[in-house]
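Reckoned from all heavy atoms, side chains included, excluding hydrogens, waters and symmetry mates.
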Amino acid sequence: MELQLPPYKEYPIVSNERILLRQIKSEEIKDILDISFYDGKRASTIEEASAMLQKIDVDYQDGTSIHWGIFDKLTTILVGTCGYYRGFADATGELGCILRPAYYGKGYMTSALQLAIGFGKEQMGLKKIIAITTKHNNPALHLLNRLSFVKTQDLMGDDVEYEFIIRKSD
């Protein structure tokens, strides 16, 4: 399959019976102020979070990322974010995610990353999907293991890289 990278004619919406992944609207930024990050820097004001969302939208238009809000379909609440970040060199996508603390342990991120992985494989044609976290982020490590990621390398500092193995038959 040939790579199909952003931007797309229509911003992708991906869902299952429980959650919906879609683009975050500027009026929703207040709901995720506490989990708004860009290049490792956390937003401390609505203005900073809005500026970050604008940068994320530029990255999408430049074809180097796709960023979704994770919405509970029943309540329509924005519970977190996930997506592919830092470009797609060598048909590789780097998954990142963050969840609002009130929604930890409820299966949202497992569902969201399953949808994002499926989109990466089936729609984008990625050959490799990776995730980077710290060695001490036990919830993320458990999540990656649960989703069949395997540790591929220790990185600088406390970071570690995991890879989702895409089989030809997948």
Side-chain angles (χ1 to χ4, degrees), residues 3-89 91-126 129-134 137 139-140 143-144 146-147 149 159 162 164:
L3 274 179
Q4 302 291 319
L5 300 177
Y8 302 103
K9 186 176 179 179
E10 304 227 353
Y11 204 99
I13 296 173
V14 188
S15 67
N16 62 20
E17 63 286 339
R18 182 170 187 216
I19 65 167
L20 175 79
L21 304 182
R22 70 159 170 80
Q23 187 174 27
I24 298 168
K25 299 173 185 167
S26 59
E27 61 269 18
E28 295 166 327
I29 200 70
K30 66 186 180 318
D31 298 330
I32 57 165
L33 174 62
D34 58 331
I35 60 167
S36 292
F37 287 85
Y38 189 87
D39 279 343
K41 183 181 183 293
R42 179 184 218 135
S44 56
T45 66
I46 292 288
E47 293 75 23
E48 286 178 356
S50 294
M52 289 176 180
L53 185 60
Q54 289 174 352
K55 288 179 183 179
I56 289 167
D57 289 343
V58 168
D59 291 343
Y60 171 78
Q61 290 302 321
D62 290 344
T64 61
S65 77
I66 184 164
H67 179 75
W68 289 289
I70 305 166
F71 294 84
D72 180 295
K73 285 176 88 172
L74 185 61
T75 65
T76 69
I77 292 172
L78 177 52
V79 300
T81 64
C82 72
Y84 290 99
Y85 306 98
R86 294 184 244 304
F88 300 99
T92 299
E94 181 184 336
L95 264 180
C97 59
I98 191 161
L99 196 63
R100 293 171 66 193
Y103 301 96
Y104 289 176
K106 296 181 165 88
Y108 286 106
M109 199 54 75
T110 300
S111 290
L113 291 188
Q114 287 171 334
L115 288 171
I117 290 165
F119 186 85
K121 291 181 341 184
E122 297 154 23
Q123 305 302 314
M124 298 174 77
L126 294 176
I129 298 172
I130 64 169
I132 297 172
T133 190
T134 66
N137 187 346
L143 173 65
L144 294 172
R146 191 168 45 254
L147 292 170
F149 278 75
D159 288 345
Y162 278 71
F164 181 84

Contacts of type ring pair (Phe, Tyr, Trp, His ring centres under 6.0 Å), residue Tyr104, not counting sequence neighbours: none
Atom OG1 in Thr110, atom CG in Leu115: separation rounded to 0.5 Å? 11.0 Å
Side chain to side chain, Lys106 and Leu99, heavy atoms closer than 4.5 Å: no
Would you please name every residue forming a side-chain hydrogen bond (donor to acceptor under 3.5 Å, both in side chains) with Arg42, sequence neighbours left out? none
My understanding is that only residues two or more places apart in sequence, or in another chain, count here; which of them pass side-chain hydrogen bond (donor to acceptor under 3.5 Å, both in side chains) with Ser50? none
Just to verify, which of Ile66, Thr92, Thr64 counts as forming a side chain to side chain contact (heavy atoms under 4.5 Å, CB included) with Tyr84? Ile66
Only counting residues at least two apart or in another chain, list the ones meeting ring pair (Phe, Tyr, Trp, His ring centres under 6.0 Å) with Tyr38. none
Side chains of Pro101 and Asp34, heavy atoms from C-beta outward: is any pair under 4.5 Å? yes
Asn137: which residues meet the side chain to side chain contact (heavy atoms under 4.5 Å, CB included) condition with it, sequence neighbours left out? Thr133, Thr134, Pro139, Ala140
Heavy-atom closest pair, residues Leu143 and Cys97: CD2-SG, 4.4 Å
Nearest atoms (heavy-atom pairs only) where Leu33 meets Ala49: CD1-CB, 3.8 Å
With a 4.5 Å limit on heavy-atom distance, are the side chains of Phe71 and Ile13 in contact? no
Quick one: does any side-chain atom of Trp68 pair with a main-chain N or O of Ala112 as donor and acceptor, under 3.5 Å? no
Can you name the side chain to side chain contact (heavy atoms under 4.5 Å, CB included) partners of Lys30, sequence neighbours left out? Ile46
Residue list, ring pair (Phe, Tyr, Trp, His ring centres under 6.0 Å) with Phe88, at least two apart or on another chain: none
Could you pull out all residues at least two apart from Arg86 that satisfy salt bridge (Lys or Arg N to Asp or Glu O under 4.0 Å)? Glu94
Looking only at heavy atoms, which two atoms of Leu3 and Gly125 are closest? And how far apart? CD2-O, 3.4 Å
Show the nearest heavy-atom pair for residues Ala43 and Met52, with the distance to one decimal. N-CE, 3.5 Å
Just wondering, do Leu113 and Phe164 contact through their side chains at under 4.5 Å, heavy atoms? no
Only pairs at least two apart or in different chains count here, so list each side chain to side chain donor-acceptor pair (under 3.5 Å) that has a residue in residues 5-14. none
Would you please name every residue forming a side-chain hydrogen bond (donor to acceptor under 3.5 Å, both in side chains) with Arg22, sequence neighbours left out? Glu28
Just to verify, what does Tyr162 make a side-chain hydrogen bond (donor to acceptor under 3.5 Å, both in side chains) with, not counting sequence neighbours? none
The reported gap from NZ in Lys55 to CG in Asp39 (rounded to nearest 0.5 angstrom) is 7.0 Å
Minimum heavy-atom distance between Ser65 and Ile56, given as atom pair plus value: OG-O, 3.8 Å
Would Leu53 and Ser36 count as a side-chain contact (heavy atoms from CB on, under 4.5 Å) here? Give the steps. CA-CA 8 Å; Leu53 185 60; Ser36 292; over 6 Å; no
Check against side-chain contact (heavy atoms from CB on, under 4.5 Å), Tyr103 and Met109: CA-CA 9 Å; Tyr103 301 96; Met109 199 54 75; over 6 Å; no
Between Pro12 and Tyr60, which heavy-atom pair has the shortest distance, and what is it? CD-OH, 3.8 Å
To the nearest 0.5 angstrom, please state how far the CG atom of Asp62 sits from the CG atom of Leu5. 12.5 Å
With a 3.5 Å cut-off and sequence neighbours excluded, list the donor-acceptor pairs that the side chains of residues 73-83 form with protein atoms.
residue, atom, partner, partner atom, Å
Lys73, NZ, Asn16, O, 2.8
Thr75, OG1, Asp72, OD1, 3.4
Thr75, OG1, Ile77, N, 3.3

Worked verdict on Phe149 versus Leu95 for side-chain contact (heavy atoms from CB on, under 4.5 Å): CA-CA 11 Å; Phe149 278 75; Leu95 264 180; 4.1 Å; yes
